[in-house]
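Chain A is the first sequence line, chain B the second, and so forth, proteins listed ahead of strands; every chain is numbered from 1. Treat the numbers as computed from the prediction; the structure is a model and nothing was measured. Just so you know, these numbers use all the heavy atoms, side chains as well, and skip hydrogens, waters and symmetry mates.
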2 protein chains.
Amino acid sequence: MDRFVSTFTNKLDAKGRVSIPAPFRAVLERQIAHASQGASTSIYCYPALDAPALDAGGESLAVTIDGLLAGLPDYSDERDELSVALYGDVQLLAIDGDGRIILPESLRQHAGLQTHVTFVGLGQKFQIWTPERFEERRQRAREKVRETRKLFGLTQRPINAAPGGAGPDDAASGHE
Amino acid sequence: MDRFVSTFTNKLDAKGRVSIPAPFRAVLERQIAHASQGASTSIYCYPALDAPALDAGGESLAVTIDGLLAGLPDYSDERDELSVALYGDVQLLAIDGDGRIILPESLRQHAGLQTHVTFVGLGQKFQIWTPERFEERRQRAREKVRETRKLFGLTQRPINAAPGGAGPDDAASGHE
DNA sequence: TGGATGTTCATGGGATTGCATGGGACTTAA
DNA sequence: TTAAGTCCCATGCAATCCCATGAACATCCA
C-alpha cells in the first residue's frame with residue numbers, strides 16, 4: 001500500500017536540480033522493483049492541465065496512461081490526439097545518485113518555479129508547485145471542504161480529533 | 001515496456017541530417033537487440049496519413065502494421081489497398097554512427113520541414129513535425145483531453161483488468 | 001537522563017561525460 | 001569531374017557523476 005503523502009518543500013539550485021523527498025523516492029523505488037527491475041529510477045512528469053503545477057509519478061502512472069490508450073483502436077485519430085497530450089507532454093526525468101532530478105526549462109516555466117518547489121503527495125501521483133501558489137490553493141481546498149461538509153450536514157465538530165492535523169489531507173481531496 | 005515519450009527539437013542541417021534524440025535511440029536499440037541482433041539500427045518512416053507530419057518507429061511499429069494486415073483476409077482488395085497505404089510510402093532510414101538520419105526530400109516536403117524538427121513521442125511510435133505546426137497541434141490535443149477528462153475517470157477502471165483484479169488505479173498499491 | 005556518536009538527507013560545487021552539431025575527407029554513381 | 005551519400009573527427013554546451021558539508025534526527029552508552 002504505497003502512496004505519496006504529505007508535502008515537502010525543497011530548493012531548486014542554479015543547475016535546475018531538486019532533491020526528491022526521500023519518502024517519495026522510496027515509493028518510486030518500490031514501484032520499479034515491482035515492475036521491471038534493472039531500469040534506473042526515474043519519474044514521469046508533465047504540466048498539469050488546469051493548474052500552474054506539474055504532475056508526476058512513477059511506473060504506475062505510466063501504466064495508467066497505457067491503460068487509457070489501450071482502449072482505443074491502433075490507427076484512430078482519437079488515439080493519436082490523446083497520445084500527443086499524454087505521451088508528448090510527458091518528460092522522463094532520471095533520478096541521479098543523490099536522489100535529485102533536473103527540471104527542464106519548459107516544465108519550470110509552466111509551474112513558474114524559481115528557487116523553491118513544493119512536492120505534494122496525492123496518493124498515486126504527486127504534484128510540484130511553487131510554495132506560494134500551493135499555499136493559496138490549499139486555502140481554497142479547505143474552503144471547499146468546509147462547504148462540502150455543510151452540504152452533507154456534517155457541520156458538527158469532531159470533539160476530540162484535532163482539526164489541524166488534516167492539512168495535507170485536505171489538499172489531496174480537493175484535487176481534480 | 002519501452003515507449004517513446006516526451007518531445008525534443010533538433011536542428012536539420014544543410015545536408016538534410018538530424019540527430020535522433022538520444023532517449024529515442026535507446027528505445028530503438030533495445031527493440032533491435034530484442035528482435036534480431038546484428039541488424040544495424042534504422043527506423044521506419046512514412047508520411048502521416050492525415051497530418052503534415054511523419055510517423056516513425058522501430059521494429060515494434062512494423063510488427064504492429066503486420067498485425068493490422070493479418071486481421072484481413074489474405075487476398076482481399078481491402079488488404080491490398082491497406083498494404084499499399086501502410087507500406088507503400090515507408091522508407092527505411094539508417095542511423096549513422098553519430099545517431100543521425102538523413103531525411104529524404106520527399107519526406108521533408110510532406111511535413112514542410114526546414115531548419116528545425118520536433119520529435120514527438122507517442123508511445124509505440126513517434127512523429128516528426130515542424131516546431132510551429134506541432135505547437136498548434138499540441139494545443140488542440142490539450143483542449144481535447146480537457147473536454148474528455150470526465151470520460152477518463154470512467155474508463156480508467158474497467159480497461160484491461162490486470163491479473164489479480166486490480167485496475168491501473170491500484171497499480172501503485174498493488175504490491176504490499 | 002543527558003551527552004556523545006552515527007545515520008539519513010538536503011544541498012553545494014568541481015570534474016567528467018554525453019550529446020547535438022558543424023565541417024572536412026573519402027567513396028560511389030552519373 | 002560533379003554531386004550526392006557516407007564516414008570520421010572537432011567543438012561547446014549541458015547533463016551527469018562524485019565528493020564534501022552541514023543540519024535534523026535517531027541511537028547508544030555512561
Side-chain angles (χ1 to χ4, degrees), chain A residues 4-30 32 38-45 56 90-109 113-121 126 128-131 134, chain B residues 4-30 39-43 45 56 91-109 113-121 126 128-131 134:
Chain A
F4 300 105
V5 287
S6 106
T7 80
F8 305 87
T9 297
N10 286 342
K11 211 167 171 191
L12 187 65
D13 72 13
K15 293 182 184 175
R17 296 180 296 185
V18 232
S19 287
I20 303 229
F24 285 15
R25 238 179 301 158
V27 174
L28 291 167
E29 271 155 23
R30 239 160 305 172
I32 293 279
S40 69
T41 328
S42 53
I43 67 170
Y44 296 86
C45 187
V90 173
Q91 307 241 11
L92 199 50
L93 306 180
I95 301 182
D96 69 21
D98 301 331
R100 288 183 279 199
I101 52 170
I102 298 191
L103 284 173
E105 177 56 27
S106 62
L107 291 180
R108 258 181 288 162
Q109 207 164 32
L113 305 176
Q114 310 227 336
T115 64
H116 292 264
V117 305
T118 297
F119 293 82
V120 186
F126 60 91
I128 298 177
W129 291 76
T130 68
F134 174 64
Chain B
F4 299 104
V5 280
S6 107
T7 80
F8 305 87
T9 296
N10 286 342
K11 215 166 170 191
L12 187 65
D13 72 13
K15 295 181 183 177
R17 296 180 296 184
V18 234
S19 287
I20 304 228
F24 285 14
R25 240 177 314 170
V27 174
L28 291 167
E29 271 155 22
R30 238 162 306 172
S40 71
T41 328
S42 54
I43 66 171
C45 187
Q91 308 232 14
L92 198 53
L93 305 180
I95 301 181
D96 70 20
D98 300 332
R100 287 182 280 199
I101 52 170
I102 298 190
L103 283 173
E105 177 56 26
S106 62
L107 291 180
R108 256 181 288 163
Q109 208 161 34
L113 304 176
Q114 310 226 337
T115 64
H116 292 264
V117 304
T118 297
F119 293 81
V120 186
F126 60 90
I128 299 176
W129 291 76
T130 68
F134 174 65

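- Counting non-hydrogen atoms under 4.0 angstrom, A:I20 reaches the backbone sugars and phosphates but no base.
- Remark: B:K15 is not in phosphate contact with D:dT6, judged by side-chain N or O atoms under 4.0 Å from OP1 or OP2.
- Rounded to whole angstrom, the span from the CD1 atom of B:I95 across to the P atom of C:dC19 amounts to 13 Å.
- Spacing between atom CD1 of B:I101 and atom C1' of C:dC19 amounts to 16 Å, rounded to whole angstrom units.
- A donor-acceptor contact under 3.5 angstrom links the side-chain atoms of A:D98 to the base of D:dC18.
- Nearest approach of A:T9 to A:P131, heavy atoms of both residues: CG2-CG, 4.0 Å.
- Computed from coordinates, the A:F24 CZ to C:dC9 P distance equals 14 Å when rounded to whole Å.
- Within the 4.5 Å cutoff, side-chain heavy atoms of B:R100 are placed close to those of B:D13.
- Judged by distance alone, with hydrogens and angles left aside, the side-chain atoms of B:N10 form a donor-acceptor pair with the main-chain N or O of B:S19 at under 3.5 Å.
- In the interface, the side chain of B:R17 is not paired with the base of D:dG5 through any donor and acceptor atom under 3.5 Å apart.
- Rounded to whole angstrom, the span from the CZ atom of B:R100 across to the P atom of C:dG22 amounts to 9 Å.
- When each of B:R17, B:Q91, B:R108, B:Q109 is tested with B:L103 by the rule side-chain contact (heavy atoms from CB on, under 4.5 Å), just one qualifies, namely B:R108.
- For the OP1/OP2 pair of C:dA20 and a distance below 4.0 Å, the side-chain nitrogens and oxygens of B:R25 include at least one atom meeting the criterion.
- Taking atom CG on A:L12 and atom P on C:dG13, their separation rounds to 14 Å, with Å as the unit.
- Here the C1' atom of nucleotide D:dA3 and the CD atom of B:E105 are 15 Å apart, to the nearest Å.
- Relative ring orientation between A:F24 and A:F119 is described as perpendicular, the plane-to-plane angle rising above 60° on a 0-90° scale split at 30° and 60°.
- Each of A:D13 and B:A14 was matched to the nucleotide of DNA chain C holding its nearest heavy atom; the match closer to the 5' end belongs to A:D13.
- To the nearest angstrom, C1' of C:dA10 lies 12 Å from NE2 of A:H116.
- Taking atom CD of residue A:E29 and atom C1' of nucleotide C:dT8, one finds them 14 Å apart after rounding to whole Å.
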